[in-house]
Amino acid sequence: MTEVRHDWTKEKISEIYHTPLLDLIYRAATIHRENKDYAEVQISSLISVKTGGCPEDCAYCPQAARYQTGVNVHAILPKEEVVAAAQKAKAGGASRLCMGAAWREVRDNRDFDKVIEMVKAVNELDMEVCCTLGMLNEAQAQRLADAGLYAYNHNLDTSEEDYKRIITTRTYDDRLQTLENVRKAKISVCSGGIIGLGETVEDRISMLRTLSNLPKHPESVPVNALVPVAGTPLAEQPRVSVWDMVRMIATARIVMPRTQVRLSAGRTEMSTVEQALCFMAGASSIFAGEKLLTTPNPSFDEDMAMFELLGLTPRKAFKNGRPNQAEEIKEYLEA
Ligand code: SF4
């Protein structure tokens with residue numbers, strides 16, 4: 001097992017990021033094999049339980065109310081619909097369902113009560129449940145934990161230095177505070193970012209430094225490639241190259257050796273060969289299902305065909321135990 005470090009400097013991460021590409025992939029693949037079963041890939045599926053109308057101004061997001069993106073705004077879904085989506089995802093090989101709501105923050109109201117009921121219902125299907133609901137306080141995190149929430153997603157998106165260019169309606173510190181609240185409730189942390197926002201390479205390195213210097217590394221780090229959406233301020237951003245994705249994944253794998261590095265948005269544009277390179281570089285998780293909140297994603301069938309071709313197997317739910325119930329996950333979180 002590789003030593004888990006929390007003292008990475010920007011210089012050291014930059015040195016890793018700029019390693020000649022094949023050496024970088026080789027090193028990341030080696031660390032992946034030393035710390036994980038590289039052939040086991042965790043599959044998450046995402047459902048938008050409340051879409052659009054968000055008061056925030058994230059420059060990449062079609063769900064922000066202030067941008068004209070034609071997104072199909074809907075109020076909170078009925079629990080039955082979420083359970084049906086979870087069953088479909090489970091049948092497609094997913095071990096985790098992530099429920100997203102386009103909120104600035106969680107409020108203690110009836111919609112939150114409904115989300116709590118959804119968490120309980122999906123948990124009963126023996127699936128890991130994740131939520132991404134915006135900012136939340138300690139008491140709300142504890143309520144989600146008590147309902148059986150496994151993970152909470154709250155991305156840093158970009159570096160602290162670059163944050164104001166992408167989002168002005170909240171601060172980086174707000175973001176980090178929510179991650180701390182999630183940690184305190186012993187919920188596993190999912191936090192990563194997006195490349196292709198017009199950030200510099202230094203911003204990517206700075207974001208990885210923040211993530212890898214947290215008191216505990218996030219259990220999941222999604223690496224997203226921007227999918228530019230018409231009507232958002234970033235609509236004209238050029239697509240990032242697959243080499244940038246590979247470098248980002250490999251560097252994340254090296255600095256956070258035990259984390260699930262998730263190949264997330266942007267997979268639709270990648271060939272199987274390109275995705276295989278990402279797995280080689282240390283990706284150990286994907287999002288599956290036809291949609292990622294509001295943007296297209298490969299289907300479960302396409303993914304299963306790719307898994308078969310590459311010799312990958314879907315990871316089973318709760319391999320580290322259930323949060324608040326199993327000793328193993330406590331040990332993992334404390335490692
Ligand atoms: S990313 Fe989330 S917080 Fe930002 S505008 Fe979209 S839904 Fe709102």
Side-chain angles (χ1 to χ4, degrees), residues 44-77 82 97-107 109 111-112 114-115 118 130-137 140-141 144 149 151-160 162-179 181-182 189-199 203 207 210-211 218 220-235 237 262 264-266 287 289 291-297:
S44 292
S45 188
L46 191 53
I47 177 168
S48 181
V49 300
K50 184 263 169 186
T51 305
C54 182
E56 301 285 78
D57 70 349
C58 308
Y60 52 81
C61 181
Q63 301 200 64
R66 65 193 72 201
Y67 312 138
Q68 302 302 315
T69 59
V71 100
N72 198 2
V73 176
H74 69 71
I76 198 146
L77 293 179
V82 175
L97 185 78
C98 183
M99 306 190 292
W103 290 333
R104 168 179 164 75
E105 74 241 301
V106 172
R107 301 248 171 98
N109 58 18
D111 280 354
F112 186 41
K114 287 181 190 163
V115 169
M118 290 174 192
C130 173
C131 278
T132 183
L133 313 170
M135 294 181 275
L136 86 182
N137 61 33
Q140 291 161 342
L144 284 163
L149 190 78
Y152 195 81
N153 165 268
H154 202 59
N155 289 333
L156 294 182
D157 295 336
T158 183
S159 69
E160 183 166 10
D162 192 36
Y163 203 67
K164 281 198 189 70
R165 189 179 62 83
I166 303 298
I167 298 139
T168 66
T169 47
R170 56 170 188 262
T171 66
Y172 216 61
D173 279 346
D174 291 334
R175 230 49 200 163
L176 294 170
Q177 184 60 52
T178 291
L179 293 182
N181 295 340
V182 170
V189 169
C190 172
S191 185
I194 310 172
I195 63 170
L197 301 170
E199 75 288 346
D203 289 318
M207 183 184 76
T210 304
L211 290 169
S220 308
V221 170
V223 179
N224 295 282
L226 177 73
V227 178
V229 178
T232 63
L234 299 181
Q237 275 298 312
R262 183 169 302 125
S264 302
F287 269 121
K291 266 197 171 183
L292 272 189
L293 292 178
T294 56
T295 51
N297 200 48

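We count residues from 1, following the sequence as given. Reckoned from all heavy atoms, side chains included, excluding hydrogens, waters and symmetry mates. Order of appearance sets the numbers: ligands from 1, and atoms from 1 within every ligand. Not measured: the values here are computed from a predicted model.
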- prompt: Can you find a heavy atom in the side chain of Asn155 that is under 4.5 Å from one in the side chain of Asn224?
  reply: yes
Within the side chain of Asn109, is there an N or O that forms a donor-acceptor pair under 3.5 Å with the backbone of Phe112?
-> yes
Note: Arg66, heavy atoms under 4.0 Å from ligand 1, region reported as neither
| Distance-only polar pair, side chains of Asp57 and Thr168, donor-acceptor under 3.5 Å | yes
- Task: Using the six-membered ring of Phe287, assess whether NZ or CZ of Arg262 lies under 6.0 Å from its centre and within 45 degrees of the ring axis.
- Result: yes
Query raised in the report: Hey, mind stepping through Thr178 and Asn181 against side chain to side chain donor-acceptor pair (under 3.5 Å) and telling me if it holds?
Result: CA-CA 5 Å; Thr178 291; Asn181 295 340; 4.9 Å; no
For a distance under 2.8 Å, tell me if Cys54 has an N/O/S atom near atom 8 (Fe) of ligand 1. yes
Near Arg170 (heavy-atom distance under 4.0 Å), the atoms of ligand 1 are 3 (S)
Would you verify that at least one protein heavy atom lies under 4.0 Å from atom 3 (S) of ligand 1, or report that none does? yes
Atoms of ligand 1 under 4.0 Å from any heavy atom of Ala102, numbered from 1 in the order shown, are 7 (S)
Of all protein heavy atoms, the one nearest atom 6 (Fe) of ligand 1 is Cys61 SG, 2.3 Å
Checklist entry - Would Lys50 count as a contact of ligand 1 if the rule is a heavy atom under 4.0 Å away? => result no
- Task: Could you tell me whether the side chain of Gln237 and the main chain of Leu226 form a donor-acceptor pair under 3.5 Å?
- Result: no
